[in-house]
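Below is one structure, written out as structure tokens, with a few remarks after it.
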Amino acid sequence: MIDAALVRARVSGRLSQVAKARFIVEPPKDPAHGDYATNVALVMARDEGKPARDVAAIIKGELVASDEFSEVNVGGPGFINFRMAAKFWQSELRRAADAGESFFLPKVGQGKKAQVEFLSANPTGPLTVGHGRNAVLGDTIARLYEATGFEVTREYYFNNGGRQMKLLGASVRARYLEALGEKASFPEEGYQGQYIRDIAAGLVARHGGALRDQTELEPFRAAAEEAIFADIHRTCERLKIRFDVYTNELDLIAQGKVARVLAELERRGLLVERDGAVWLRGEPLGLSKDEVLIRSGPDREPTYRTPDIAYHIDKLARGFDLVVGVFGADHIAEHKTVITVLKALDLNIAPIRTVIYQFVTLTRAGQKVKMSTRKANYVTLDELIDEVGVDVVRFFFLLRKSDSHLDFDLELATRQAPENPVFYVQYAHARLASVFREARKAGLALPEGPEEVKLELLSEEEIGLGKRILRFPELIISCVEELEPHRLPFYLIELAAEFHRYYNKPVNRIIGVQTELSRARLFLAGLIKRTLVHGLTLLGVEAPERM
RNA sequence: GCGCCAGUAGCUCAGUCGGACAGAGCAGCGGCCUUCUAAGCCGCGGGUCGUGGGUUCGAGUCCCGCCUGGCGCGCCA
């Protein structure tokens with residue numbers, strides 16, 4: 001439409017050209033400026049040698065009248081603002097109501113497969129608050145993909161070989177011997193949490209002193225892995241998180257996938273043997289240094305890095321359109337190395353998308369708590385859920401973009417739980433639920449189809465709420481495409497705020513007014529309620545009928 | 001020293017591929033329940049967008065330097 005106006009202006013000689021530069025049409029930040037705005041005149045001003053406002057006026061003069069617009073004007077430095085007629089919005093709202101779920105959740109991922117790897121905590125201890133951010137972020141991304149039509153695989157990768165797991169086994173053995181009343185030297189860097197004692201006590205209960213002379217660590221390690229995983233699964237269940245696939249390091253090695261990677265790297269001359277270890281050559285890959293892939297020593301064990309590469313190759317080979325990984329900031333360098341190796345192996349890394357989140361800073365009583373699993377100086381995710389509840393935990397973790405540090409003040413979270421934004425949004429839903437209960441009591445039935453509702457009775461304020469609802473689908477798409485789920489809770493807070501404001505005005509009563517008006521308002525209220533339900537469900541947060 | 005992320009109101013943070021006077025919540029002060037839920041609403045005060053340059057018609061947003069904080073630079077993961 002704007003293009004057509006530009007062409008007419010060019011033909012009539014009032015403008016020297018059709019816009020070369022790209023211009024955009026979008027809703028302005030300040031709705032007072034209109035429903036849509038374009039910067040076309042600003043973009044063209046320079047080449048035209050005329051002030052932007054003059055160019056805007058010329059273009060405006062060429063725009064054909066249409067009953068969809070109620071107003072077109074030039075504002076600010078030369079924006080052309082469009083205001084749509086109420087009739088336009090009414091028909092959009094009817095269309096949304098007709099389309100139902102396909103309106104709210106556009107199926108942009110139809111026919112595509114997405115894999116989301118997240119949490120991936122090694123079974124060395126209970127999940128901490130830091131893991132919680134990863135878990136909720138990954139799960140919500142998976143929910144967004146599912147909702148928009150992707151076929152999603154949720155995957156958990158963990159290391160069960162290597163040094164840390166040996167240390168875990170040694171820690172359990174020491175506690176086991178202690179429990180039997182023997183003197184045992186606890187490993188210097190061992191895991192000191194109470195849960196290690198619990199696992200050891202379990203071994204005593206099951207085996208008595210039979211493992212007293214067991215020098216192998218494996219039974220202790222295996223017992224720990226089993227017990228800790230049971231604990232992790234319980235916590236995930238509380239958070240409404242499940243996984244479809246678990247992949248681990250030892251299986252990848254057993255399947256020969258790690259050996260295959262090493263052979264391929266060797267074939268390409270990317271390996272070098274030094275100090276009894278096998279190294280990945282950094283120089284030909286553009287890396288700043290070499291990296292150890294196989295440790296020296298009699299066992300020739302791979303480092304964590306090698307199965308990690310094998311795992312990523314495996315993921316790419318499984319035919320996903322998207323391979324998403326959610327990692328903490330401490331893994332970013334390592335992940336870049338993995339990607340570099342994948343590229344060097346001529347693999348197509350286009351499906352890979354990575355979400356890096358910054359750490360959760362924990363404050364308790366004004367003091368920063370440094371989290372360390374080994375030293376057992378941490379707050380567990382379970383403790384956090386006990387304190388504030390699942391809904392608050394999930395909502396809170398999603399309230400910041402992943403690039404930002406998340407400051408979690410435990411006292412504040414507990415004390416202010418009733419004022420948390422999640423309750424604010426849920427309250428809006430509960431109020432709407434109440435309205436519908438009252439409507440039923442009053443015998444008001446929603447009409448069968450939206451075409452029966454007299455939307456022309458809606459006020460400007462009500463149309464305003466409608467406009468916000470109509471923006472929901474594009475918000476969801478932006479969350480999916482940018483991998484930024486934090487936009488959703490912010491949207492829900494804004495929608496709830498606009499609704500609370502509306503609801504509090506006595507003139508806006510939904511029930512107890514003239515029937516046709518009441519039905520029109522119920523139609524709008526229904527759309528708001530559905531929007532809240534869709535949004536909260538995507539976040540894994542309850543939409544309560546009563547509060 | 002090198003790399004990545006961040007620096008926006010007293011505090012915690014938004015700011016959607018640069019766009020119109022920079023927003024929200026909390027904290028502070030003052031108002032609003034006879035009528036669909038006051039976990040709500042209304043009003044007031046509060047910011048050199050870390051800093052110095054640059055690009056642009058236009059910069060919180062892009063580029064470069066510097067400062068501050070977090071993370072990483074293990075034969076740990």
Side-chain angles (χ1 to χ4, degrees), chain A residues 22 24 26 28-30 32-33 37 39 41-46 51-52 75-79 81 120-122 124 158-159 162-165 167 189 249 275-279 288-289 291-297 301-305 308 328-334 336 356-359 361 374 399-409 412 416-424 426-428 430-439 441-442 474-475 478-479 482 484 486-487 489-490 493-494 496-497 499-506 508-513 518 521 525 546-547:
Chain A
R22 301 250 298 262
I24 55 171
E26 62 177 4
K29 279 181 181 173
D30 184 349
H33 292 124
N39 62 347
L42 289 114
V43 172
M44 292 176 71
R46 181 182 219 180
F79 288 99
N81 298 318
S120 293
N122 290 334
T124 58
F158 62 98
N159 296 90
R163 285 259 198 287
Q164 293 301 328
M165 295 309 292
L167 199 55
E189 298 275 296
E249 177 183 9
D275 305 329
V278 176
W279 301 69
S288 57
K289 59 184 173 58
E291 306 280 5
V292 174
L293 294 185
I294 302 287
R295 277 191 269 269
S296 61
E301 284 177 321
T303 60
Y304 62 89
R305 189 173 296 119
D308 201 7
D330 55 338
H331 282 63
I332 183 163
E334 158 61 15
K336 280 183 177 170
I356 299 290
Y357 63 93
Q358 296 295 319
F359 270 32
T361 336
R374 262 205 314 270
L399 210 44
R400 274 140 189 86
K401 70 177 172 206
S402 63
D403 281 339
S404 290
H405 286 95
L406 197 159
D407 192 43
F408 209 120
D409 187 323
L412 210 68
Q416 295 198 332
E419 303 159 51
N420 192 293
V422 67
F423 292 105
Y424 184 81
Q426 289 179 319
Y427 186 52
R431 274 183 152 176
L432 283 160
S434 172
V435 166
F436 279 96
R437 278 194 300 271
E438 293 299 319
K441 261 191 244 166
E474 65 193 61
L475 168 90
S478 86
C479 288
E482 309 296 322
E484 292 194 343
H486 76 276
R487 295 178 187 186
F490 278 99
I493 290 169
E494 283 166 12
F499 169 70
H500 284 311
R501 215 165 17 245
Y502 165 78
Y503 181 92
N504 267 281
K505 290 181 194 162
N508 290 329
R509 288 188 59 78
I510 297 167
I511 300 159
V513 295
S518 195
R521 286 178 172 171
R546 295 170 201 276
M547 286 176 77

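Heavy atoms only: backbone and side chains are in, while hydrogens, waters and symmetry mates are out. Labels below follow one simple rule: chain letters A, B, ... track the order of the sequence lines, proteins then strands, and each chain is numbered from 1.
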inquiry  = Can you check the distance between B:A39 and B:G60, where both ends of the measurement are the P atom (answer in whole Å)?
reply    = 40 Å

key: d(CZ, A:R546; C1', B:A38) in whole Å   = 18 Å

task = Look at all strands and tell whether A:R509 reaches a base, only sugar-phosphate, or nothing, counting heavy atoms closer than 4.0 Å.
result = base

message = Taking Watson-Crick (N1-N3 plus N6-O4 or O6-N4) and G-U wobble (N1-O2, O6-N3), each under 3.5 Å, can you produce the dot-bracket string of RNA chain B? Use [ ] for crossing pairs and | for inter-strand ones.
response = (((((((..((((.....[...)))).(((((.......))))).....(((((..]....))))))))))))....

remark   = RNA chain B nearest-nucleotide lookup for A:Y502 and A:A37: closer to the 5′ end is A:A37

ask   = Looking at A:H500 and A:Y427, what are the two nearest heavy atoms and their distance?
value = CE1-CD2, 3.5 Å

ask   = If the P atom of B:U61 is compared with that of B:G18, how far apart are they to the nearest Å?
value = 12 Å

message = At 4.0 Å (heavy atoms only), tell me whether A:D308 reaches a base, stays on the sugar-phosphate, or touches nothing.
response = nothing

query = How would you label the contact of A:A442 with the nucleic acid (heavy atoms, under 4.0 Å): base, sugar-phosphate, or nothing?
reply = nothing

query = Run the side chain to side chain contact (heavy atoms under 4.5 Å, CB included) check on A:L293 and A:W279 step by step: do they pass?
reply = CA-CA 5 Å; A:L293 294 185; A:W279 301 69; over 6 Å; no

query = Between A:R546 and A:A430, is there a donor-acceptor pair closer than 3.5 Å when you use the side chain of the first and the backbone of the second?
reply = no

inquiry  = Regarding A:A277, tell me which of base, sugar-phosphate or nothing describes its non-hydrogen contacts under 4.0 Å with the strands shown.
reply    = base

ask   = Distance check: side-chain N/O of A:R521 vs OP1/OP2 of B:C36, anything under 4.0 Å?
value = no

request  = Show your working on ring pair (Phe, Tyr, Trp, His ring centres under 6.0 Å) between A:Y503 and A:F499 and close with a plain yes or no.
outcome  = CA-CA 6 Å; A:Y503 181 92; A:F499 169 70; 5.5 Å; yes

inquiry  = Counting only side-chain heavy atoms from C-beta out, which of B:C75, B:C13, B:G72 sits nearest to A:D330?
reply    = B:G72

ask   = How far does the P atom of B:C17 sit from the matching atom of B:A6, given to the nearest Å?
value = 15 Å

request  = Carefully, step by step, assess A:M165 and A:T124 under the rule side chain to side chain contact (heavy atoms under 4.5 Å, CB included).
outcome  = CA-CA 7 Å; A:M165 295 309 292; A:T124 58; 3.8 Å; yes

request  = Show your reasoning for whether side chain to side chain contact (heavy atoms under 4.5 Å, CB included) applies to A:F359 and A:L406.
outcome  = CA-CA 7 Å; A:F359 270 32; A:L406 197 159; over 6 Å; no

remark   = Rounding to 0.5 Å, atoms NE2 (A:H331) and OH (A:Y357) come to a distance of 8.0 Å

inquiry  = Pick the closest RNA chain B nucleotide for A:N504 and for A:S296 by heavy atoms, then say which residue is nearer the 5' end.
reply    = A:N504

query = For atom C1', what is the distance between B:A59 and B:C26, given to the nearest Å?
reply = 30 Å

message = Suppose we call a contact any N or O donor and acceptor under 3.5 Å apart; does that hold for the side chain of A:N39 and the base of B:A20?
response = no

remark   = A:F490 CZ to B:G25 P, in whole Å, measures 12 Å

query = Which value, in whole Å, describes the distance between the P atoms of nucleotides B:C21 and B:C49?
reply = 15 Å

Span that lies between the P atom of B:G50 and that of B:U12, in whole angstrom = 15 Å

request  = Select base, sugar-phosphate, or nothing to describe what A:H331 touches, counting heavy atoms under 4.0 Å on all strands.
outcome  = base

task = Measure from CZ on A:R431 to P on B:C33 and round the result to the nearest Å.
result = 15 Å

message = In whole Å, I'd like the distance from the CZ atom of A:F423 to the C1' atom of B:A38.
response = 16 Å

ask   = Where the side chain of A:A333 is defined as all heavy atoms beyond and including C-beta, which of B:U12, B:G72, B:A20 is the nearest nucleotide?
value = B:G72

query = Mind checking the C1' distance from B:A9 to B:G53? Whole angstroms is fine.
reply = 27 Å

task = Any chance you could measure A:K401, atom NZ, to A:Q358, atom CD, to the nearest 0.5 Å?
result = 11.0 Å

message = Applying a 4.0 Å non-hydrogen cut-off, can you work out what A:K401 is touching in the nucleic acid: base, sugar-phosphate, or nothing?
response = sugar-phosphate

message = Taking the basic N atoms (NZ, or NE/NH1/NH2) and the acidic carboxylate oxygens, is any pair closer than 4.0 Å for A:R305 and A:E291?
response = yes

query = Under 4.0 angstrom, heavy atoms only, what part of the nucleic acid is A:R305 near: base, sugar-phosphate, or nothing?
reply = nothing

key: Nucleotide nearest A:Q358 (side chain, heavy atoms from C-beta), chosen from B:A14, B:U12, B:C5   = B:C5

ask   = Taking atom P of B:A77 as reference, at what distance in whole Å does atom CG of A:L293 sit?
value = 12 Å

Shortest non-hydrogen separation from A:A329 to A:I356 and the atoms involved = CA-CG2, 3.8 Å

ask   = Looking only at heavy atoms, what is the nearest atom pair of A:R400 and A:H405, with distance?
value = CD-O, 4.1 Å

message = Strictly below 4.0 Å, N to O, side chains only: are A:K336 and A:E334 in salt-bridge contact?
response = no

Pick out the pairs of N or O atoms, protein on one side and nucleotides 55-59 of chain B on the other, that lie under 3.5 Å.
unit_1	atom_1	unit_2	atom_2	d
B:C57	OP1	A:R46	NE	2.6
B:C57	OP1	A:R46	NH1	2.4
B:C57	OP1	A:R46	NH2	3.1
B:C57	OP2	A:R46	NH2	3.3

note = To the nearest angstrom, the CZ-C1' distance between A:F408 and B:C13 comes to 15 Å

ask   = Would one find a side-chain N or O of A:Y424 under 4.0 angstrom from OP1 or OP2 of B:C41?
value = yes

remark   = Nearest heavy-atom approach of A:S296 to A:D275 is CB-O, 3.6 Å

inquiry  = Quick check: closest heavy atoms across A:V292 and A:A277, and the distance to 0.1 Å?
reply    = CG1-CB, 4.3 Å

At a cut-off of 3.5 Å, list every protein nitrogen or oxygen paired with a nitrogen or oxygen from nucleotides 61-63 of chain B, distance to 0.1 Å.
none

query = Within this structure, what is the CZ-to-P distance between A:R501 and B:A24, rounded to whole angstrom?
reply = 9 Å

ask   = Stacking between A:H405 and the base of B:A6 (centre distance under 5.5 Å, interplanar angle under 30°)?
value = no

query = Given atom CD of A:Q164 and atom C1' of B:C75, what is their separation to the nearest angstrom?
reply = 13 Å

task = Quick one: classify the glycosidic conformation of B:C33 as syn or anti, with syn meaning within 90° of 0.
result = syn

ask   = Can you check whether A:Y427 has a side-chain N or O nearer than 4.0 Å to OP1 or OP2 of B:A39?
value = yes

key: Residue-phosphate contact under 4.0 Å: A:S404 side-chain N/O, B:C5 OP1/OP2   = no

query = Which atoms form the tightest heavy-atom contact between A:I493 and A:P421, and what is the distance?
reply = CD1-CB, 3.7 Å

query = Is any side-chain N or O of A:H500 closer than 4.0 Å to OP1 or OP2 of B:C42?
reply = no

message = Any side-chain N or O of A:K289 below 4.0 angstrom from OP1/OP2 of B:C2?
response = no

task = Could you measure between the two P atoms, the one in B:U8 and the one in B:U34, and give it in whole Å?
result = 44 Å

query = Touch check for A:I510, heavy atoms < 4.0 angstrom, all strands: base, sugar-phosphate only, or nothing?
reply = base

